Participant: 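Take this structure first; my questions come after.
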Amino acid sequence: MGEQNEGFNSTKQILKLNEGEKTKVRGWIYRKRDLADNIFIVVRDSEGIIQTVLPRKNAPQDLVSLAEKSTIESSVVIEGIVKNDERAPGGKELQIENLSIIGLSDDFPIKGGESIDYLLDIRHLWLRSRKLTSIMKIRQSVLEGLREYFKKNNWWEVNPPILTQSAVEGGATLFEVNFFNKKAYLSQSAQFYLEVMIFSLEKVWAITPSFRAEKSRTRRHLYEYYHLEGEAAWMGMKDMMNHVEGLIKSAIKKVLEDRLEDLEIVKRDTNILENSLKTNFPEITYDEAILKLKNKGINIKWGDDIGADEEKVLTEYFDTPFFLTMFPKHLKSFYMKIDDSRPDVVLGFDLEAPEGYGEVVGGSQREDSYEKLYKRIVEEGYNPSDYQWYLDLRKYGTVPHSGYGLGVDRLVTWIAGLDHIRDSIPFPRFRERIYP
RNA sequence: GCCGGGGUAGCUCAGCAGGUAGAGCGCCCGGCUGUUAACCGGGCGGUCGAGGGUUCGAGUCCCUCCCCCGGCGCCA
């Protein structure tokens, strides 16, 4: 049995009805204006808004007093007749014949002009805004586009753990939890678990919350973020870059297909999104990047990290996402495979979003030799016994393979053109904020 | 962790040669009104982030602490 709508039409559907048709709508009061001859009540639902009007003349007194009593954000059910009127938003309105207040709202604290800080304190109410509603829909379409791509290419979705015993890299930025008097941590990455799974499923992916306790005060960091990770056997770095490009394009395409109205509500210029679908994402190696930066007069040399400012300069060369590849070994993690012809370079890649948004994906071919991996772990000062099961994978039928991590929230932030990552997710965990 | 900005009415902010605390929005009352974040008049509303110090007197000067915002580093 499907879901019943009990004779209701959504605000969007009402805009398609003909003059004179009778219908019912339910939602929340978005705006209200109590005038001499009419009471205007603009109703909001998940799809949009519709203006309803109660002409005071000839209306029963109890209906008028109910309309007068209703407040912004009260939930209501309204029955009425569709009228065409140019003065109404969308060109149609509903003439009220009956009104019930389901839940009367107290004075709603958001009136316009509030500070971000205050709005974050009442995020549970702020999420009703049309802008955040549209962003949540865009996020959904991003996820849908990603998922479709995996399905089309026969990847398997798996569910790795979030409570873990060891870090993928480093240890200073982990959230510690008490696991029956043993130290455990909230996962920073599912990469190692996914690497386990490729030995049976070959191509696997997962979306899991990842946690990083780094005190990052930037507009692109969350302490808790949605981490999409992929790992596949038999794939080299280039194969994986092609996959990532297809994956990102699938998400962009889905949003452009399904969410044009919402992109307009969040005022996203769609040109860059459309361009990104038309061309191949360019690749620039670390070596080339350093040259370009030097030519721009920036004081940087081979081996230096490419920071946010440098990244922004590189962004100016491209109007689509682009790959940055082949990094100096010492800048990257121990599990990245070393280039056969250059022992100081690893087969790593980042995908940078244009317009100054920066890194969205980080990936690499993984080191598949037991001896080399063991050596790298020791070199980095880690204890190989902490990585025993991970090292095991290289002892029982090791296979060339590659993988990556994608920041879902960062991708949404770029695609929706947001100025801060906090709005890409309903309840952002950033700075020291944990409420609501 | 570092650099910069800030905490004054429910909300957004002004006030600083130290001298009895202000505006706009919201709310309440009245007026006007097919309104689009409506408009006009009046009213209610403040331990000036916390603690300590200087002073006849501190929102304003000094010290300590807390919180928030923008950015860096780190990363996705």
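These figures come from a predicted structure and were not determined experimentally. Letters A, B, ... are given to chains in the order of the sequence lines, protein chains preceding strands, and every chain is numbered from 1.
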Participant: Answer yes if the side chains of Asp258(A) and Ser141(A) hold a donor-acceptor pair under 3.5 Å, and no otherwise.
Facilitator: no
Participant: When both hydrogen-bonding distances must be under 3.5 Å and the geometry is Watson-Crick or G-U wobble, what is rC25(B) paired with, if anything?
Facilitator: rG10(B)
Participant: For a quick check, tell me whether the side chain of Glu93(A) and the base of rG34(B) share a donor-acceptor pair closer than 3.5 Å.
Facilitator: yes
Participant: Would you call Lys16(A) and Glu47(A) a salt bridge, taking side-chain N to carboxylate O under 4.0 Å as the test?
Facilitator: no
Participant: Could you check Ala308(A) against Glu359(A) and say which one's nearest nucleotide on RNA chain B is further toward the 5' end?
Facilitator: Ala308(A)
Participant: Quick one: does Ser216(A) reach the base of rC74(B) with a side-chain donor-acceptor pair under 3.5 Å?
Facilitator: yes
Participant: If you only use heavy atoms from C-beta on, which nucleotide in rC72(B), rG10(B), rU35(B) is closest to the side chain of Arg87(A)?
Facilitator: rU35(B)
Participant: Could you check whether the side chain of Asp37(A) and the base of rG34(B) have a donor-acceptor pair of N or O atoms closer than 3.5 Å, going by distance alone?
Facilitator: no
Participant: In terms of side-chain heavy atoms, does Tyr225(A) have a donor or acceptor partner in Arg410(A) at a distance below 3.5 Å?
Facilitator: no
Participant: Return the 5'-most residue of the pair Arg220(A), Phe430(A) with respect to RNA chain B, ranking by each residue's nearest nucleotide.
Facilitator: Phe430(A)
Participant: Let's test your reading of the model: under 3.5 Å, does the base of rC75(B) pair with the side chain of Arg410(A) as donor and acceptor?
Facilitator: yes
Participant: Would you give the length of the straight line joining atom CD1 of Ile306(A) to atom CG of Leu331(A), rounded to the nearest 0.5 angstrom?
Facilitator: 8.5 Å
Participant: Would you tell me if any nitrogen or oxygen in the side chain of Arg422(A) comes within less than 4.0 Å of OP1 or OP2 on rG70(B)?
Facilitator: yes
Participant: For Phe40(A) and rG34(B), is the gap between ring centres under 5.5 Å while the planes differ by less than 30°?
Facilitator: no
